[in-house]
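Structure first, then comments.
In what follows, chains are A, B, ... by sequence order, proteins preceding strands, each numbered from 1. The basis for the numbers below is simple: all heavy atoms, side chains too, and nothing from hydrogens, waters or symmetry mates.
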Amino acid sequence: MEYLKQLNEPQALAVQTIEGPVMIIAGAGSGKTRVLTYRIAYLIEHGVDPFNILALTFTNKAAKEMKERIAKVVGTTEARNLYMGTFHSVFSKILRAEHEKIGFPANFTIYDSDDSKNLIKTIVIEMGLDDKMYKPNIVQHKISSAKNSLINSIAYKMNQEIQMDDLEARRPKIGSIYEKYTNRCFKASAMDFDDLLLKTYELFHKHPEVLHKYQHRFKFVMVDEFQDTNSAQYAIIKQLSALYQNICVVGDDAQSIYAFRGADIGNILNFKKDYPELKTYKLEQNYRSTKNIVSAANSVIGKNKNQLEKSVWTSNSDGNKIQVIKAITDNEEGNFVAQSIFGYRQNNQAANKDFAILYRTNIQSRAMEEALRRLNIPYRVYGGLSFYQRREIKDILCYLRLCVNHNDEEALKRIINYPTRGIGKSTLDKIIIASAEHDISVWEVLESIKTLDTGISPSVAKKVDEFKQMITGFETVVQQKNAFDAASFIASNSGLLKDLFNDKTPEGVNRYDNVQELLNGIKEFTVNSTNHKDGNALPRYMEDIALITDADKDEDDEKDRVTLMTIHASKGLEFPYVFVVGLEENLFPSQLSINSRDELEEERRLFYVAITRAMIQLTFSYAQSRFKYGNLIHSDPSRFLHEVDENYLDFSNAGSMQRTFLGKKTESEGLNLNSYSIPAHSHLKKVSIASKSTIKGDPVGLFKAGLEVQHARFGKGKIVSIDGNGDNKMATIQFEKDGPKKLLLKFAKLQVIRD
DNA sequence: CCAAAGATTGTCACA
DNA sequence: CAATCTTTGG
């Protein structure tokens with residue numbers, strides 16, 4: 001019990017309260033992971049069998065890390081028997097084990113959201129509906145939220161309220177699409193992410209004996225990041241812990257940032273109502289950040305109405321104020337941030353990996369990357385297009401998927417004509433129609449392509465049959481070989497590898513390399529799991545891979561690089577130096593959120609998460625204009641900037657970084673935005689780099705009403721107003737000689753005289 | 001059936 | 001802008 005001495009009072013109480021419902025409200029940086037780890041260790045040391053502990057985490061990586069930490073306290077053997085993982089991975093395992101009860105085969109495919117969207121798109125077209133009204137994204141979102149609220153397609157269609165809502169939204173057919181989608185998934189032996197929860201709930205609901213089994217198995221249930229659970233997840237943990245009531249949830253309502261994908265902050269806010277016996281512990285001491293940072297964060301989150309009462313404090317030193325950087329464009333913002341990192345790094349002996357640049361949207365990484373590259377600062381971008389979503393990776397995975405599960409319709413559609421083998425869209429359509437007519441899976445159509453009346457010509461039918469035989473051949477290989485050998489065999493014998501190899505464009509070479517990387521990953525899996533029964537076979541790899549994300553890949557984290565990620569992805573992490581960039585209205589808070597109080601509060605919580613990632617120094621930045629859809633648009637500073645108590649902010653750099661931009665614009669050498677002076681009290685040294693213009697093309701967005709300008713033909717004039725967007729931006733100018741004129745800024749070649 | 005040109009659309013976060 | 005979808009001509 002040596003470790004109990006490392007804990008403060010509420011932490012120690014939380015660790016030692018092991019029976020009955022417990023809620024741990026863990027403020028940012030309050031040692032949550034430590035408490036979770038020790039609590040599990042404490043359970044085990046008090047005689048609880050690790051087999052009886054279920055711990056649900058937000059990411060696979062979190063589960064893995066926690067397991068390692070627990071292993072250090074209680075030993076590897078004990079730790080290995082813990083049941084730990086994400087909701088999705090834990091429940092997909094249970095569903096595979098209990099597959100007979102739900103009528104699915106054990107080898108069901110997990111459709112990712114692209115697969116779901118494609119299927120929805122197909123169904124909408126097949127039903128002859130207006131695809132403007134029934135956009136895949138919208139329909140998918142509707143189906144997903146229904147599933148997250150435990151409403152299956154039958155209940156959906158019977159629910160009067162929902163039907164009315166859909167009718168009002170002029171989308172009355174959503175229920176029918178949902179129903180067809182469900183049937184189609186079933187026929188394809190596939191589940192989407194939401195099904196993993198919904199079907200688990202239904203399994204437990206319909207089969208009490210199964211529920212009972214797992215209730216006894218998991219006598220102690222712990223849930224991390226409870227603020228981000230949705231109704232389905234909550235319902236399931238309630239089912240599981242109903243018997244023993246040993247349920248411990250850990251979270252921070254102030255960090256609930258996933259409502260957009262169905263997370264219900266009400267789960268944590270109302271938890272006590274469901275468990276009156278609840279013991280609540282609040283971890284309020286922050287060990288991570290300086291006083292300035294903690295106070296700034298508190299001043300922000302205080303603006304939210306909907307929250308549990310708590311006061312986060314720290315005994316750390318005051319630290320520096322939060323630097324605020326103002327830039328003219330997004331590119332300039334990138335330069336300032338990069339230079340700032342350069343300066344901090346030199347003056348504070350900081351390493352690259354001490355820095356993080358956090359942004360609201362992934363696209364913002366580009367300007368940052370360019371600037372970092374220019375200063376030779378190594379970085380790593382997290383998130384963005386996932387490795388597993390890349391075309392070439394998805395292609396090969398679909399081959400593997402089809403080998404493991406013939407019925408996988410989305411996989412079949414994707415690869416039946418890639419590499420091209422003369423089976424085009426019309427043929428595919430005929431196959432799908434036949435599968436609907438005979439109520440058989442698409443694969444079964446292929447099996448009897450020669451006898452069914454599909455309208456496919458014999459010559460094409462022959463090609464289809466050849467494809468079918470190729471896959472059947474692969475299947476034999478899968479059964480006989482380990483995962484790596486089977487995957488390699490399929491990659492080359494499908495022609496896919498050759499197709500990529502023949503593409504000598506840089507992208508083609510890259511794709512080829514990516515496939516090699518995937519195969520290396522499979523190799524690693526094969527080597528690592530040879531001691532497991534059947535663990536080296538492809539089907540097991542496929543089960544794993546569907547729920548793995550890039551964040552789970554433990555890529556050489558040791559490399560000394562600056563971290564670039566979205567704020568969402570940064571949850572749970574900490575960095576000595578943090579830059580929160582793009583603090584502009586309509587970007588952060590996002591324009592989609594500003595019309596609803598709840599959504600705005602979520603954005604504010606997101607801002608809170610961003611602030612609380614920083615340990616030593618926090619920097620905010622914003623640009624006055626940035627490119628969006630190829631147009632330079634004007635941006636106002638974020639309202640969040642004004643919500644931070646100004647006692648904790650340092651605006652001195654915000655002013656000094658402004659250059660007389662417009663005044664310099666006319667010089668033929670181009671722009672030099674890359675040198676600025678830094679106040680004496682700052683850590684930063686003056687940094688100057690030579691670099692080309694940060695603005696691409698004409699900065700037409702920078703003209704404003706009131707400017708005095710010079711035109712080559714019309715002479716001097718004053719801008720009255722600006723209309724239109726992007727290339728069509730037009731200025732009404734009152735010229736001294738020729739009176740008012742309307743000119744396209746793109747062509748006018750105006751020079752600014754004075755503003 | 002296919003490649004290339006043209007049109008459209010979207011970008012908010014993710015298991 | 002860039003990725004994706006649609007149209008068009010061979």
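One finds no side-chain N or O of A:T566 lying less than 4.0 angstrom from the OP1 or OP2 phosphate oxygen of B:dC12. The side chain of A:R421 places no N or O atom within less than 4.0 Å of a non-bridging phosphate oxygen (OP1 or OP2) of B:dC1. Proximity of A:S426 to the phosphate of B:dC1: a side-chain N or O atom is located under 4.0 Å from OP1 or OP2. OP1 or OP2 of B:dC14 has not a single side-chain nitrogen or oxygen of A:K571 nearer than 4.0 Å. For the pair A:N586 and B:dC12, the criterion of a side-chain N or O lying under 4.0 Å from OP1 or OP2 is not met.
Comparing A:L428 and A:E602, the nucleotide of DNA chain B nearest to each residue sits closer to the 5' end for A:L428. Ranked by how close their nearest DNA chain B nucleotide is to the 5' end, A:G424 and A:L606 are led by A:G424.
Separating the CD atom of A:E225 from the C1' atom of B:dC14 is a distance of 14 Å, rounded to the nearest angstrom. In this structure, the CZ atom of A:F58 is 9 Å from the P atom of B:dC14, given to the nearest Å. The interatomic distance linking A:K64 (NZ) with B:dA15 (C1') rounds to 17 Å, in whole Å. In this structure, the CG atom of A:D131 is 18 Å from the P atom of C:dT4, given to the nearest Å. What separates CG of A:D192 from C1' of B:dC14 is a distance of 14 Å, to the nearest Å. Atom CD1 in A:I431 sits about 14 Å away from atom C1' in B:dC1, given to the nearest Å. One interatomic measurement links the two molecules: OH of A:Y382 to P of B:dC12, which rounds to 24 Å at whole-angstrom precision. Counting to the nearest Å, the P atom of B:dC1 and the NZ atom of A:K430 are 7 Å from each other.
There is no side-chain donor-acceptor pair under 3.5 Å between A:D195 and A:Y111. Remark: the A:D112 side chain and the A:Q389 side chain contain no N/O donor-acceptor pair separated by less than 3.5 Å. Side-chain polar atoms of A:N306 and A:R597 form no donor-acceptor pair below 3.5 angstrom. A:T86 and A:S89 share a side-chain donor-acceptor pair at under 3.5 Å. Using a 3.5 Å distance cut-off with no hydrogens or angles, the side chains of A:S144 and A:Q140 do not pair a donor with an acceptor. Judged by distance alone, the side chains of A:Y382 and A:S570 never bring a donor and an acceptor atom under 3.5 Å apart.
Atom name P, nucleotides B:dT11 and C:dT6: the rounded distance is 16 Å, in whole Å.
Using a 4.0 Å heavy-atom distance criterion, A:S593 is classed as making no nucleic acid contact.
Using a 4.0 Å cut-off between charged side-chain N and carboxylate O, A:D115 and A:K394 make a salt bridge.
Taking 3.5 Å as the limit, the base of B:dA15 and the side chain of A:R261 contain no donor-acceptor pair of atoms between them.
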Mind listing the N/O atom pairs, protein and nucleotides 3-10 of chain B, below 3.5 Å?
from	atom 1	to	atom 2	distance (Å)
B:dT9	OP1	A:K132	NZ	3.3
B:dG10	OP1	A:K135	NZ	3.2

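With B:dA13, B:dA15, C:dA2 as the candidates, the nucleotide lying closest to the side chain of A:R360 is B:dA13. Of the candidate nucleotides B:dA15, B:dT11, B:dC14, B:dC14 has the atom lying nearest to any side-chain atom of A:A569. The listed nucleotides are B:dC1, B:dA13, B:dA15; the one nearest the side chain of A:T59 is B:dA15.
Residue side chain A:Y258 fails the stacking definition with respect to B:dA13, as its ring centre and the base's six-membered ring centre are not both under 5.5 angstrom apart and under 30 degrees in plane angle.
Exactly one residue among A:F607, A:F579, A:F640, A:F588 makes a ring pair (Phe, Tyr, Trp, His ring centres under 6.0 Å) with A:F620. That residue is A:F607.
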